[in-house]
There are 2 protein chains.
Amino acid sequence: MGERRENKKRETRQRISDVATELFFARSFEAVTLDEIAAAANVSKMTVFNYFARKEDLMLDRQDDLKLLFFREAIRARPQGQSPIAELRALMGRLREQKHPFAHFDRHTADFWRFVAASPSLEARLRELNDEAAEGLAIELAGPNPDGLARLAAGMIVLTVRTARQEAVSVFERRGSAKKANAVFFALIDQGFAAVQGMAATDARGQSS
Amino acid sequence: MGERRENKKRETRQRISDVATELFFARSFEAVTLDEIAAAANVSKMTVFNYFARKEDLMLDRQDDLKLLFFREAIRARPQGQSPIAELRALMGRLREQKHPFAHFDRHTADFWRFVAASPSLEARLRELNDEAAEGLAIELAGPNPDGLARLAAGMIVLTVRTARQEAVSVFERRGSAKKANAVFFALIDQGFAAVQGMAATDARGQSS
DNA sequence: CGTTGATATTGTACCCGGTAAATATTTTCG
DNA sequence: CGAAAATATTTACCGGGTACAATATCAACG
């Protein structure tokens, strides 16, 4: 209902996001005010808030929503007999082949993450998104009202991805090698996921619900 | 140097903290402004900021600093041959016996954590403190510049404690039983710690640095 | 005791992110 | 077109947090 309108909305949203990103990179996240962004995008400050609830969302827009979406889709579509965690591991492999930013580290992704790491409020928002993703993953693993173990497993998965990403970026920055960065990333993914898999399996044997 | 002065400082700090806590519980964290707190404590807003860098620190003052301190102490004092993670597990057991708030759940602790959970900014600050604790723990485990695996292990330990605490509080709220809450807490602690222990052990066998 | 230097404390003025509510503008659709 | 609904803007405000200068308080020393 309302095609032209929706186009315009998407356009406005994109313009705001683009303008903001440009300003942020030119200076820094904290140095650019919302008033500036609004002015540069030819809208009012309120309009910016219409599209992005928080300033941080101008940069982190749906980073983790998307991650969760991938996770969900993969788990639901997994072949019979495949454990959810094994499937997630497989998903990461597929993302690597596609060189998707979630599982591939190069100059561009490293720049992005370094920028995020430089801003306390972006980091904070990222932690929040991570938590939300973990909660969503727990629900995917164990239905609504997941128990403690499911929540712990989901948290560990998300933590593993985050830590692996941090290490990959760090290695890239220090060594300049995308190859080594990706190797580190997947080494940690494997270790973290295996630990979680082991934990869940032990529990399944130890107590039948 | 300056005894009287230091006493007065501690006094002032305590008064501010007490007054703030009271006001927060009477209304809510967000509903109480710093101006109010300052007025109620007979100091200026600036003085409040002198003692507490952020509003959140009025409630979470050193929650996790203290946790890290415990961890550090335990790891350093552990008997030879004991793995750090096993020692941390033992530490949690000791804290339980002392009914220390970190490892014991009753009406009082549940009230506190429910209050924290009700405030987004308190939750955010808590996540930040958790991250700092994890980083500190990683350094304790693997020296300065810990590698990815150490950081992952430390993150998982902290995550386990956090998740276990959340579940314990949740159980207490639903069932009203401190006994069950504590049981849930330690069940999760055991599972999480075991998974991390397994991960570290596997790595030590798999690759010699 | 009184001066000096350090340290706490305060006042003032401001910035910025975010919210609320009324108003204006645009778009859709009958 | 004209009314209704959705969006956008204006304006005014709140509250946490910072910067900076001014001032009070205290310890120490001659």
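Letters A, B, ... mirror the listed sequences (proteins, then strands); counts begin at 1.
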Enquirer: How many whole angstroms separate atom CZ of Arg27(A) from atom P of dC16(C)?
Expert: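 Those two atoms, CZ and P, are 10 Å apart.
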
Enquirer: Which angle, to the nearest 10 degrees, lies between the helix axes at the two ends of the helix from dC1(C)-dG30(D) to dG30(C)-dC1(D), each defined by five pairs?
Expert: 0°

Enquirer: How long is the line joining CD of Glu11(B) and P of dA8(C), in whole Å?
Expert: 15 Å

Enquirer: So, are Glu167(B) and Arg174(B) salt-bridged, with charged N and O less than 4.0 Å apart?
Expert: no

Enquirer: For Glu36(A) and Ala31(A), work out which heavy atoms get closest and say how close.
Expert: OE1-O, 3.6 Å

Enquirer: Report yes or no: do Gln197(A) and Arg89(A) form a side-chain donor-acceptor pair below 3.5 Å?
Expert: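 Side-chain D/A pair, Gln197(A) to Arg89(A): absent.
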
Enquirer: I need the single residue from Asp61(B), Thr47(B), Asp18(B) that forms a side-chain hydrogen bond (donor to acceptor under 3.5 Å, both in side chains) with Arg13(B). Which is it?
Expert: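 The side-chain hydrogen bond (donor to acceptor under 3.5 Å, both in side chains) with Arg13(B) is passed solely by Asp61(B) among Asp61(B), Thr47(B), Asp18(B).
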
Enquirer: Below 4.0 angstrom, N of the basic side chain to O of the carboxylate: do Arg162(A) and Asp131(B) qualify?
Expert: yes

Enquirer: Take atom CD of Glu30(B) and atom P of dG15(D), then tell me their distance rounded to the nearest Å.
Expert: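 Answer to the nearest Å: 12 Å.
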
Enquirer: Taking only heavy atoms on the protein side, list every residue of residues 34-53 of chain B lying under 4.0 Å from any atom of DNA chain D, sorted numerically.
Expert: Leu34(B), Lys45(B), Met46(B), Phe49(B)

Enquirer: Without decimals, in angstroms, what is the distance between Arg13(B) CZ and dT9(C) C1'?
Expert: 16 Å

Enquirer: Answer yes when Asp111(B) and Arg107(B) have at least one side-chain N-carboxylate O distance shorter than 4.0 Å, and no when they do not.
Expert: yes

Enquirer: Just how far, in rounded Å, is C1' of dT18(D) from NZ of Lys55(B)?
Expert: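 These atoms are roughly 17 Å apart.
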
